[in-house]
Amino acid sequence: MISDDLDLRQLTAELKHRLAPGEPVGYLRGKSLMRDLLVHMKDFSEYEAEELIDTLELRGFLRFLGDPTERSVADAHWEISPHS
């Protein structure tokens, strides 16, 4: 279970730091990479980490810069912003 007092800004900053110097590329590959990183960094289950990535995306901490439905832009980068 994910704690309600989890600091999403801090978590996003840690993700950004671990993925430096560039954000992940590709919609699904990027989400999977960030999920796996949370599993290893914070010992979340894969399900919890996936839920967190979805939450971070919904709240604007993570933003895919392409269109995952269009093959030509599905390999775009992710923007990771702990200041959202």
Side-chain angles (χ1 to χ4, degrees):
M1 187 70 166
I2 299 168
S3 173
D4 287 337
D5 63 340
L6 181 64
D7 186 343
L8 296 180
R9 281 187 172 84
Q10 178 62 34
L11 187 65
T12 305
E14 289 178 48
L15 268 177
K16 185 173 181 75
H17 175 73
R18 288 303 262 305
L19 291 167
E23 282 77 16
V25 175
Y27 187 73
L28 292 177
R29 285 180 307 210
K31 283 185 93 163
S32 296
L33 176 66
M34 292 184 283
R35 178 203 63 213
D36 293 346
L37 193 54
L38 286 180
V39 167
H40 291 15
M41 277 176 27
K42 299 292 186 179
D43 206 28
F44 290 118
S45 70
E46 284 189 12
Y47 176 78
E48 290 170 326
E50 197 159 318
E51 290 281 311
L52 270 172
I53 295 300
D54 289 343
T55 298
L56 292 172
E57 185 178 9
L58 286 170
R59 295 202 183 168
F61 293 102
L62 304 175
R63 189 168 69 96
F64 185 63
L65 301 177
D67 181 351
T69 64
E70 301 266 344
R71 178 77 176 126
S72 62
V73 289
D75 287 336
H77 288 269
W78 281 85
E79 179 180 71
I80 301 172
S81 177
H83 307 292
S84 290

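In this structure, NE2 in His83 is found 8.0 Å from NZ in Lys16, a value given to the nearest 0.5 Å. We find the CG-CD distance between Asp43 and Glu48 to be 9.0 Å, quoted to the nearest 0.5 Å.
Considering only heavy atoms from C-beta on, Phe61 comes within 4.5 Å of Leu8 through its side chain. Counting heavy atoms from C-beta outward, Ser81 and Thr12 have side chains that stay 4.5 Å or more apart. Counting heavy atoms from C-beta on, the side chains of Gln10 and Pro82 never come closer than 4.5 Å.
Evaluation of the side chain to side chain donor-acceptor pair (under 3.5 Å) rule for Asp36 yields no partner, not counting sequence neighbours. By the side chain to side chain donor-acceptor pair (under 3.5 Å) test, Arg63 is found to be paired with Glu79, residues two or more places apart in sequence or in another chain being considered. Partners of Ser32 by side-chain contact (heavy atoms from CB on, under 4.5 Å), not counting sequence neighbours, listed by chain and number: Arg35. Partners of Asp7 under the salt bridge (Lys or Arg N to Asp or Glu O under 4.0 Å) rule, at least two apart in sequence or in another chain, do not exist in this structure. Not counting sequence neighbours, the partners of Leu11 by the side-chain contact (heavy atoms from CB on, under 4.5 Å) test are Leu6, Leu38, Lys42, Leu52, Leu56.
Scanning both residues, Pro24 and Leu33, for their nearest heavy atoms gives CB-CD2, 3.9 Å. In terms of heavy-atom proximity, Leu15 sits nearest to Met41 at N-CE, 4.4 Å.
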Item to complete: Could you go through the salt bridge (charged side-chain N to carboxylate O under 4.0 Å, His left out) check for Glu50 and Lys31 one step at a time?
Response: CA-CA 8 Å; Glu50 197 159 318; Lys31 283 185 93 163; over 6 Å; no

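A continuous path of hydrophobic side-chain contacts links Ile53 to Leu28 [ILVMFWY only; heavy atoms under 4.5 Å]. The hydrophobic cluster containing Leu37 also contains Phe64, counting ILVMFWY residues as joined when their side-chain heavy atoms lie under 4.5 angstrom apart, directly or transitively. Under a hydrophobic-cluster definition in which Ile, Leu, Val, Met, Phe, Trp and Tyr are linked whenever side-chain heavy atoms come within less than 4.5 Å, directly or via other members, Phe44 and Leu19 are assigned to the same cluster.
The aromatic rings of Trp78 and Tyr27 lie parallel to each other, with less than 30° between the two planes, well short of the 60° mark.
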